[in-house]
Amino acid sequence: MKFEINSTTSESRARAGKLETAHGDILTPIFMPVGTAGSVKGIHFDDLKKDVKAQIILGNTYHLYLRPGIEVIEEAGGLHKFNSWDGPILTDSGGFQVFSLGDIRKLSEEGARFQSHIDGSYHMFTPENVMDIQRSIGADIIMAFDECTPGDADFNYAKKSLELTQRWLDRCFERFISTSPKYGFKQSLFPIIQGSGFPELRKLATEHVKTYDADGYAIGGLSVGEPEDVMYNMIDVVTAGLPLNKPRYLMGVGTPVNILEAIDRGIDMFDCVMPTRNGRNGMLFTSEGIINIRNKKWQKDFSPIDKNGVSNLDIRHTKAYLRHLIISNEMLGAQIASQHNLAFYLWLVTEARNRIIEGDFKQWKNEMVKKLIQRL
RNA sequence: GGGAAGAUACCGAAGCGGUCAAACGGGGCAGACUGUAAAUCUGUUGGCUCAGCCUUCGUAGGUUCGAAUCCUGCUCUUCCCA
């Protein structure tokens with residue numbers, strides 16, 4: 001996988017780049033819509049590509065492993081064939097589920113034993129079988145199996161957790177390099193940097209992942225309950241230590257403001273459920289600020305969803321109509337809101353890229369942040 | 001014409017002498033959501049000069065220290081018989 005930096009800025013760490021995968025190029029910075037179960041909730045792939053302008057989507061090892069199951073995906077010929085998305089795909093390893101399904105799993109040196117949230121059955125994830133599973137799913141970018149350390153972890157827990165993640169990373173790479181892709185194209189394995197909110201641990205973690213000449217490096221364990229300034233500080237610490245010529249992926253982040261701040265600090269890739277989940281729940285991110293479309297004040301507002309919006313739906317539909325759909329629990333409402341939010345996120349990172357190239361990123365970012373935190 | 005049951009807050013529906021401004025649903029209003037156990041979850045929903053007070057359980061009276069709860073008249077609704 002090739003990554004080239006097209007442009008950098010003098011007053012910030014922000015970069016514009018291009019990541020080449022077997023399923024197409026990705027212009028960075030990029031936001032990657034989350035498609036946990038092989039589907040970005042509520043959005044068809046045609047709209048994702050043409051209207052949202054998504055360049056890469058996610059899938060999730062844990063969810064796909066439980067359902068439909070790896071046999072099905074293998075027989076289909078991999079996830080690309082199965083769901084028909086022909087662009088790049090990244091799969092998360094299930095490490096986040098080890099965190100979010102905390103009460104129904106048990107960690108050991110070997111791996112994570114967990115209960116399915118679907119039927120309660122017991123399963124075991126190890127660094128080795130998670131690599132195998134991700135080979136079978138066949139994403140272009142696959143993630144190391146890690147423990148996503150909780151945001152409120154104390155130093156001792158965070159240190160032990162990081163050390164486990166590091167030992168697991170060694171096993172991930174060992175397995176990864178001794179196996180081959182199943183569908184005739186190259187896969188890249190990204191390590192994940194943990195260390196919670198402790199700069200010294202983050203530095204150690206950064207040094208450790210650099211012992212592998214990976215195609216990209218991810219930062220995990222942020223936006224999991226810690227204060228925002230801690231998150232920004234950790235990003236600073238990590239990006240300062242990472243090689244310049246490799247993409248950096250900040251996992252699970254975040255709000256539009258989080259994304260701009262992270263781009264400013266040298267992050268290239270993002271994913272987050274926020275545009276889709278919050279969209280389903282009536283929260284819109286727009287060029288003017290944040291809208292809770294369920295609020296009564298939009299009941300008779302027949303202005304476009306977002307007058308500056310880039311999605312076709314933004315001008316076509318009014319706030320009043322979208323409010324009606326969401327309030328009435330019509331599934332079209334969730335679809336429109338999700339598609340709008342995703343299109344907005346993709347616009348935001350694309351615009352950031354343009355500004356980096358133009359050279360006025362910092363100024364633009366500061367203006368945008370002011371707008372984006374407003375509640376309309 | 002005769003008989004039976006019932007009328008509770010925005011709607012439905014509990015309550016059947018004091019602990020009732022009144023359970024529970026729905027609806028309304030607002031909030032949360034960051035590598036998706038989420039088309040989910042939480043709060044709130046008579047008024048006020050708000051640790052208290054005022055007005056509310058069809059309506060007008062009555063019994064009682066005390067009534068949404070008991071009694072009487074009236075109005076309306078539903079069902080059954082003719």
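FYI, side chains are in, hydrogens and waters are out, and symmetry mates aren't considered; it's all heavy atoms of this structure. Below, chains carry the letters A, B, ... as their sequence lines are ordered, and counting in each starts from 1. These numbers come from a predicted model, not from an experiment.
- Rounded to the nearest Å, the gap between the P atom of A21(B) and that of A4(B) is 35 Å.
- Hydrophobic cluster membership for Ile305(A): Leu284(A), Ile291(A), Ile293(A), Trp298(A), Leu313(A), Tyr321(A), Leu322(A), Leu325(A), Ile326(A), Leu332(A), Ile336(A), Leu376(A) (Ile, Leu, Val, Met, Phe, Trp, Tyr linked by side-chain heavy atoms under 4.5 Å, directly or transitively).
- Where Gly254(A) and Arg323(A) meet RNA chain B, the nucleotide closest to each residue was compared, and Arg323(A) sits on the side nearer the 5' end.
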Output a table of nitrogen or oxygen pairs between the protein and nucleotides 40-42 of chain B separated by less than 3.5 Å.
from: U40(B); atom 1: N3; to: Asn281(A); atom 2: OD1; distance (Å): 3.4
from: U40(B); atom 1: O4; to: Asn281(A); atom 2: OD1; distance (Å): 2.9

Next on the checklist: Quick one, Glu163(A) with Lys159(A), criterion salt bridge (charged side-chain N to carboxylate O under 4.0 Å, His left out). Give me CA distance, side-chain angles, the key distance, then yes/no.
Outcome noted: CA-CA 6 Å; Glu163(A) 287 164 358; Lys159(A) 183 165 183 286; 3.1 Å; yes

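- Heavy atoms of Ser116(A) sit nowhere under 4.0 angstrom from any nucleic acid atom.
- One interatomic measurement links the two molecules: OH of Tyr62(A) to C1' of A38(B), which rounds to 14 Å at whole-angstrom precision.
- Comparing the P positions of G52(B) and C20(B) gives an interatomic distance of 14 Å, to the nearest angstrom.
- If you check every strand for non-hydrogen atoms under 4.0 Å, Asp271(A) touches sugar and phosphate atoms only.
- The CG-P distance, from Asn295(A) to C29(B), rounds to 9 Å in whole Å.
- Rounded to the nearest Å, the gap between the P atom of A13(B) and that of G31(B) is 32 Å.
- A straight line from CD of Gln299(A) to P of G28(B) spans 10 Å, rounded to a whole angstrom.
- When distances run from any side-chain atom of Val273(A) to the nucleotides U36(B), C29(B), A37(B), the shortest one goes to U36(B).
- Looking at residues two or more places apart in sequence or on another chain, you find a salt bridge (Lys or Arg N to Asp or Glu O under 4.0 Å) between Arg355(A) and Glu351(A), Asp360(A).
- Summarising the geometry, the separation between NZ on Lys296(A) and P on A30(B) is reported as 8 Å, rounded to the nearest angstrom.
- Between the side chains of Asn308(A) and Glu288(A), a donor-acceptor pair is found at a separation under 3.5 Å.
- One can place NE2 of His63(A) at 11 Å from P of G35(B), the figure rounded to the nearest angstrom.
- Remark: the separation of the C1' atoms in U72(B) and C79(B) is 25 Å, to the nearest Å.
- As rounded to the nearest Å, U69(B) and C57(B) have C1' atoms that lie 10 Å from one another.
- Using a 4.0 Å heavy-atom cutoff across all strands shown, Asp146(A) reaches at least one base atom of the nucleic acid.
- Heavy atoms of Ile327(A) sit under 4.0 angstrom from primed sugar atoms or phosphate atoms, though from no base atom.
- Between the side chains of Gln55(A) and Asp25(A), no donor-acceptor pair of N or O atoms lies under 3.5 Å.
- Side-chain polar atoms of Asp146(A) and Gln194(A) form a donor-acceptor pair below 3.5 angstrom.
- The phosphate of U34(B) has neither OP1 nor OP2 within less than 4.0 Å of any side-chain N or O from Asn278(A).
- At the heavy-atom level, Gln97(A) lies under 4.0 Å from the strands shown only through sugar-phosphate atoms.
- Residue Glu226(A) is classed as having no contact, given no heavy-atom separation below 4.0 Å to the nucleic acid.
- In this structure, a donor-acceptor pair under 3.5 Å is absent between the side chains of Glu110(A) and Thr126(A).
- At the heavy-atom level, Ile192(A) lies under 4.0 Å from base atoms of the strands shown.
- For the pair Glu226(A) (side chain) and Val224(A) (backbone), a donor-acceptor distance under 3.5 Å is present.
- Side-chain atoms of Arg353(A) come within 3.5 Å of backbone N or O of Gly17(A) as a donor-acceptor pair.
- Distance, Ile326(A) CD1 to G27(B) P: 15 Å, rounded to whole Å.
- Test Tyr62(A), Phe125(A), Phe114(A) against Gln97(A) for side-chain contact (heavy atoms from CB on, under 4.5 Å) and you get one pass: Tyr62(A).
- Across all strands shown, U36(B) forms no Watson-Crick or G-U wobble pair with both key distances under 3.5 Å.
- The interatomic distance linking Asp92(A) (CG) with G35(B) (C1') rounds to 4 Å, in whole Å.
- Taking atom C1' on both nucleotides, G1(B) is separated from G66(B) by 42 Å, rounded to a whole Å.
- Pairing of G6(B), defined by two Watson-Crick or G-U wobble distances under 3.5 Å, is identified with C76(B).
- Closest contact between the side chain of Met283(A) and the listed nucleotides C33(B), A30(B), U36(B) involves C33(B).
- Nucleotides A9(B) and A32(B), compared at atom P, are 33 Å apart to the nearest Å.
- Counting any heavy atom pair closer than 4.0 Å across all strands shown, Gly95(A) reaches no nucleic acid atom.
- Across the protein-nucleic acid pair, Ile267(A) atom CD1 and G35(B) atom C1' stand 13 Å apart, rounded to whole Å.
- Interface remark: the Asn292(A) side chain does not form any donor-acceptor pair with the G31(B) base, using a distance-only criterion of under 3.5 Å.
- The base of U36(B) has none of its N or O atoms less than 3.5 Å from a complementary donor or acceptor on the side chain of Ser100(A).
- Between Ser223(A) and U34(B) there is no side-chain polar atom (N or O) within less than 4.0 angstrom of OP1 or OP2.
- When the side-chain nitrogen and oxygen atoms of Arg375(A) are compared with OP1 and OP2 of A32(B), one or more of them lie within a distance under 4.0 Å.
- Taking atom C1' on both nucleotides, U49(B) is separated from U40(B) by 41 Å, rounded to a whole Å.
- Residue-level contact check: Asn258(A) touches the bases, meaning some heavy atom is under 4.0 Å from a base atom.
- Across all strands shown, the partner of G1(B) is C81(B), judged by Watson-Crick or G-U wobble contacts whose two distances both fall under 3.5 Å.
- C70(B) and G62(B) make up a base pair, with Watson-Crick or G-U wobble contacts both under 3.5 Å.
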